[in-house]
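Since the structure is predicted, the reported quantities are computational estimates derived from the model, not experimental observations.
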Amino acid sequence: MPSSPLTDRVTVWFGEHRRDLPWRAPDRTPWGVLVSEVMLQQTPVVRVLPVWEQWLRVWPVPADLAAAGTADVLRAWGRLGYPRRALRLQECARAITERHDGVVPSDEDELRALPGIGSYTAAAVVAFAYGGRSVVLDTNVRRVLARAVDGAALPSPAHTVAEVRRATALVPDAPGDAAAWAAASMELGAVVCTARAPRCGACPVADLCRWRADGYPPDLHAARRRTQGWAGTDRQVRGRVMGLLRDSVGPVPLVEVERLAVEGTDRPRLQRCVDGLVADGLVEVVGDDEPALRLPA
DNA sequence: AAACCGGGGTT
DNA sequence: AACCCAGGTTT
């Protein structure tokens, strides 16, 4: 699409209000952008910042991470959550080192073929690392378009064909403009057009927002969204075990893990979680008669 | 299409 | 205590 009031105004707004983030600095590298995108998949900016800084200091290029010890990688990942992604990021670094001569690909299909890189992250790296044209459709952009164009409070739970087609049609023709729109629309959704308490007074397109014009109708999909529990889930137990191992220098006896894991977790459940962590490559079992757990070497 | 996967912050 | 945040992989 040549341009539209929506893309133009959001992009201009971004030029004035963009947050200064290290992975947006002029001296950023494609590798730094990729690392930031993987971390930001699951974690708010303020928690990613210090980990990203250290990560890039210790492993400034993919070959550095490829050669690192897995335990060091998992400790550096810290409490960002979803530690399987740290493993995939290291696999990704190895693939870039071996298959792409250490250069982060700029081709979207090649990016998507890397471990841990899906459609969103591939599009984001194309746009933010290389200034290329891609369709960046994360939850923020989906919400902005659902509101401004469709007049819906929130996007549908799953991507729809029509939604992707619409987002594709909206991307400006020039690669630089497309990349700017991608960053701008994400930023608008992240800081102004937020899920719960949108700041419409600060929105550059409030006057053409259909959701606002229609009087903020409620979410049609509310009944089908269900909040995922946390207390007592396998995720909580896994997180607790990983925390124990991260903070321990040597192997931790399984009996000690059982004692320090989540209160009220029965033995079969803990065993199931440990087995899952082992299967994921996040934990190693050492010793037979006196089994202990540790982070993989 | 749906389930799985963390952890911190806000309300 | 309840709710919010988010994308990739696996089944």
Side-chain angles (χ1 to χ4, degrees), chain A residues 33-51 74-92 95 108 111-125 127-128 134-144 146 153-161 163-164 167 182 185-187 189-199 219 221-247 261-262 265 269 272-283:
Chain A
V33 171
L34 190 154
V35 171
S36 78
E37 286 302 333
V38 171
M39 290 179 174
L40 289 165
Q41 281 169 4
Q42 70 225 23
T43 311
V45 166
V46 290
R47 287 171 53 205
V48 165
L49 278 169
V51 179
L74 291 172
R75 288 202 171 91
W77 191 255
R79 316 185 73 131
L80 288 184
Y82 300 109
R84 290 195 296 197
R85 292 170 193 242
L87 295 185
R88 294 207 189 102
L89 189 50
Q90 186 174 37
E91 294 167 17
C92 182
E108 206 168 331
L111 283 163
R112 205 166 29 229
L114 296 170
I117 308 297
S119 58
Y120 162 75
T121 306
V125 170
F128 305 148
S134 62
V135 182
V136 176
L137 196 57
D138 79 333
T139 191
N140 292 304
V141 179
R142 294 187 68 219
R143 188 171 56 251
V144 168
L154 294 171
S156 64
H159 284 69
T160 66
V161 174
E163 175 186 31
V164 175
S185 53
M186 282 185 63
E187 189 86 338
V191 305
V192 172
C193 195
T194 55
R196 192 143 47 151
R199 300 165 49 221
D219 177 27
H221 308 285
R224 292 178 49 212
R225 303 182 200 278
R226 65 157 179 274
T227 58
Q228 209 160 22
W230 170 248
T233 61
D234 285 3
R235 288 201 298 181
Q236 186 187 28
V237 175
R238 286 168 56 105
R240 197 70 66 92
V241 172
M242 289 301 292
L244 281 173
L245 301 188
R246 271 200 312 270
D247 297 339
V262 179
T265 303
R269 178 186 197 83
R272 185 174 73 240
C273 290
V274 169
D275 289 345
L277 290 168
V278 171
D280 287 343
L282 290 163
V283 165

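Atom P of dA6(C) sits at a distance of 15 Å from the matching atom of dT11(B), rounded to the whole Å. Here the separation of dT11(C) from dG6(B), taken at their P atoms, is 16 Å to the nearest Å.
Considering only residues two or more places apart in sequence or on other chains, R79(A) meets the salt bridge (Lys or Arg N to Asp or Glu O under 4.0 Å) condition with none of them. Not counting sequence neighbours, the partners of A123(A) by the side-chain contact (heavy atoms from CB on, under 4.5 Å) test are E108(A), S134(A), V136(A). By the side-chain contact (heavy atoms from CB on, under 4.5 Å) test, V144(A) pairs with L188(A), C193(A), sequence neighbours left out. Annotation: side-chain contact (heavy atoms from CB on, under 4.5 Å) contacts of R199(A) (sequence neighbours excluded): V192(A), A202(A). Considering only residues two or more places apart in sequence or on other chains, R47(A) meets the side-chain contact (heavy atoms from CB on, under 4.5 Å) condition with T43(A), P44(A).
The side chain of R47(A) lies closest to dG7(B) when the candidates are dC5(B), dT10(B), dG7(B). Comparing dC3(C), dA6(C), dG7(B) by their closest approach to the side chain of R196(A) singles out dC3(C). Comparing dA6(C), dG8(C), dC3(C) by their nearest atom to the side chain of Y82(A) picks out dA6(C). Set against dG8(B), dC5(B), dC4(C), the side chain of R238(A) has dC5(B) as its closest nucleotide. Looking at the side chain of Q42(A), the nearest of the listed nucleotides dG6(B), dG7(B), dG8(C) is dG6(B). Among dG6(B), dG8(C), dG8(B), the nucleotide with an atom closest to any side-chain atom of Y120(A) is dG8(C).
S185(A) places a side-chain N or O within donor-acceptor distance of the main-chain N or O of A182(A), the cut-off being under 3.5 Å.
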Tabulate atom names and distances for all N/O pairs under 3.5 angstrom spanning the protein and nucleotides 9-11 of chain C.
{"unit_1": "dT9(C)", "atom_1": "OP1", "unit_2": "G116(A)", "atom_2": "N", "d": "2.8"}

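Nearest heavy-atom pair, R142(A) versus A158(A), reported as atom, atom and distance to 0.1 Å: NH2-O, 3.3 Å.
Evaluated for a side-chain hydrogen bond (donor to acceptor under 3.5 Å, both in side chains) with Y82(A), the options R88(A), R235(A), Q42(A), Q41(A) yield exactly one hit, R235(A).
For T121(A), a side-chain nitrogen or oxygen approaches OP1 or OP2 of dG8(C) to under 4.0 Å.
Counting any heavy atom pair closer than 4.0 Å across all strands shown, S119(A) reaches sugar-phosphate atoms only and no base atom. Using a 4.0 Å heavy-atom cutoff across all strands shown, N140(A) reaches sugar-phosphate atoms only and no base atom.
Atom CZ of R235(A) and atom P of dA6(C) are 14 Å apart (whole Å). Rounding to whole angstrom units, CG of residue D280(A) and P of dG8(C) are separated by 18 Å. Remark: P of dG8(C) and CG of L89(A) are 13 Å apart, rounded to the nearest angstrom. With rounding to whole Å, L245(A) atom CG is found 13 Å from dG6(B) atom P. In this structure, R79(A) places its CZ atom 17 Å from C1' of dC5(B), rounding to the nearest Å. Put simply, CG on L282(A) is 8 Å from P on dG6(B), counting in whole angstrom units. Rounded to an integer number of Å, the gap from L40(A) CG to dG8(C) C1' is 15 Å. We find that CG of L74(A) is positioned 17 Å from P of dC5(B), with the value rounded to whole Å.
Each of P83(A) and A158(A) lies near DNA chain B, and the nucleotide nearest A158(A) is the one positioned closer to the 5' end.
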